2 protein chains.
Amino acid sequence: MNSDSAIQALGALAHDHRLAVFRLLVQRGRDGMAAGDIAKALGLPNSSLSFHLAQLQQAGIVAQRREGRSLIYSADYDAMEALMGFLTENCCQGAGCAPSVAQTKEQC
Amino acid sequence: MNSDSAIQALGALAHDHRLAVFRLLVQRGRDGMAAGDIAKALGLPNSSLSFHLAQLQQAGIVAQRREGRSLIYSADYDAMEALMGFLTENCCQGAGCAPSVAQTKEQC
DNA sequence: AAAACATTTCGATAATAGTCGAAATGAACT
DNA sequence: AGTTCATTTCGACTATTATCGAAATGTTTT
């Protein structure tokens, strides 16, 4: 994780609809959700949602896979942890006070 | 932490200069840093830095205090944890895979 | 191969964010 | 009380982002 990719991830999350999408996907876990279903769940026009999904994917915090006719999106937990680690890096002059977020990885 | 305040915090961090400021302050710990010193450290015009500091403060992830003539800024660790907790809320259908970031608080 | 279906791209428009020099504010020291 | 010093506000400009209907793309199924 470098500064540029962190900015992209943060910027992707820093939006009403995108944050809602991401949190929905985080709750869904590995199964993810089809684009159309997300649009229905959040009451967004397909074209708008598509725009936002592209940003989340481009930022690397959401993954896409095809299943039948549908495109399924899911949250990328590894990327989420990497982002958190980056934000707390060398916290308090390297006094080792950054939380160990490593456990998220195995548990998901 | 609600959606709006999370968006503000994420948006505040989703910028080149502001992320650099925040990470610098995270490393500094409670001591923080005067506005002028931050500007010097990052090579930014005072007016630009002031604009960005205001956003970080408005977002609640950076605190301000006066010391002599200087205004000292420091990272708000509690807010940072709250943000992380919000992002991982009900992760994987409530299977309890969210990292416990609570430890950061006591250690800083 | 054609029809049905899910999703993305296009296009035009509106709104918000970032930049930095110069002037203004306001606290502190003498 | 006036001067100095640190920081913020102002103003004008440029660039980026968000919106959504309609058309296009590309997959699957019959």
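This structure is a prediction, so every number in the text was calculated from the model and none was measured.
Taking atom CG of residue B/D16 and atom P of nucleotide C/dC20, one finds them 12 Å apart after rounding to whole Å. The interatomic distance linking A/M33 (CE) with C/dT7 (P) rounds to 11 Å, in whole Å. Protein atom NZ of A/K40 is 7 Å distant from nucleotide atom P of C/dA6, rounded to whole Å.
Shown for residues 46-54 of chain B: residues whose heavy atoms fall under 4.0 angstrom of DNA chain D, namely B/N46, B/S47, B/S50. Near DNA chain C, meaning a heavy atom under 4.0 Å away, there are no residues from residues 2-10 of chain A.
OP1 or OP2 of C/dG18 has at least one side-chain nitrogen or oxygen of B/Q55 nearer than 4.0 Å.
Considering only residues two or more places apart in sequence or on other chains, B/R66 meets the side-chain hydrogen bond (donor to acceptor under 3.5 Å, both in side chains) condition with none of them. B/A14 meets the side chain to side chain contact (heavy atoms under 4.5 Å, CB included) test with A/L10; sequence neighbours excluded. For the side chain to side chain contact (heavy atoms under 4.5 Å, CB included) test, residues two or more places apart in sequence or in another chain that qualify with A/N46 are A/A39. A/R28 pairs by the salt bridge (Lys or Arg N to Asp or Glu O under 4.0 Å) definition with nothing, not counting sequence neighbours. In this view, B/Q58 and B/Q8 satisfy the side chain to side chain contact (heavy atoms under 4.5 Å, CB included) rule, not counting sequence neighbours. Every residue was checked against the side-chain hydrogen bond (donor to acceptor under 3.5 Å, both in side chains) condition with B/S47, not counting sequence neighbours, and none meets it. Every residue two or more places apart in sequence or in another chain was checked for a side chain to side chain contact (heavy atoms under 4.5 Å, CB included) with B/A54, and none qualifies.
Residues B/V62 and B/D76 have side chains not in contact (no heavy-atom distance under 4.5 Å, counting atoms from C-beta outward).
Shortest non-hydrogen contact noted between B/A12 and B/R18 is O-NE, 2.6 Å. Considering all non-hydrogen atoms of both residues, B/L87 and A/F22 come closest at O-CE2, 4.2 Å. Taking all atoms of both residues into account, the shortest heavy-atom contact from A/A35 to A/L49 is O-CD2, 3.1 Å. Scanning both residues, B/E89 and A/Q27, for their nearest heavy atoms gives O-CG, 3.8 Å. The heavy-atom pair separating B/M80 from A/T88 by the smallest distance is CE-CG2, 3.5 Å. Of all heavy-atom pairs between A/L25 and A/A75, the closest is CB-N, 3.9 Å.
For A/H15 and B/A34, each mapped to the nucleotide of DNA chain D holding its nearest heavy atom, the one lying further toward the 5' end belongs to B/A34.
Judged by the 6.0 Å distance and 45° axis criteria, A/R30 is not positioned over the aromatic ring of A/Y77.
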Could you encode protein contacts along nucleotides 24-30 of chain C as a string, one character per nucleotide from 5' to 3', using B for base contact, S for sugar-phosphate-only contact and - for no contact, with a heavy-atom cut-off of under 4.0 Å? ---SB--
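Rounded to 10°, the helix from C/dA1-D/dT30 to C/dT30-D/dA1 has 40° between the axis fitted to its first five pairs and the one fitted to its last five.
On the nucleic acid side, DNA chain D contacts chain B at distances under 4.0 Å to non-hydrogen atoms, with the end points of that region at D/dT4 to D/dT9.
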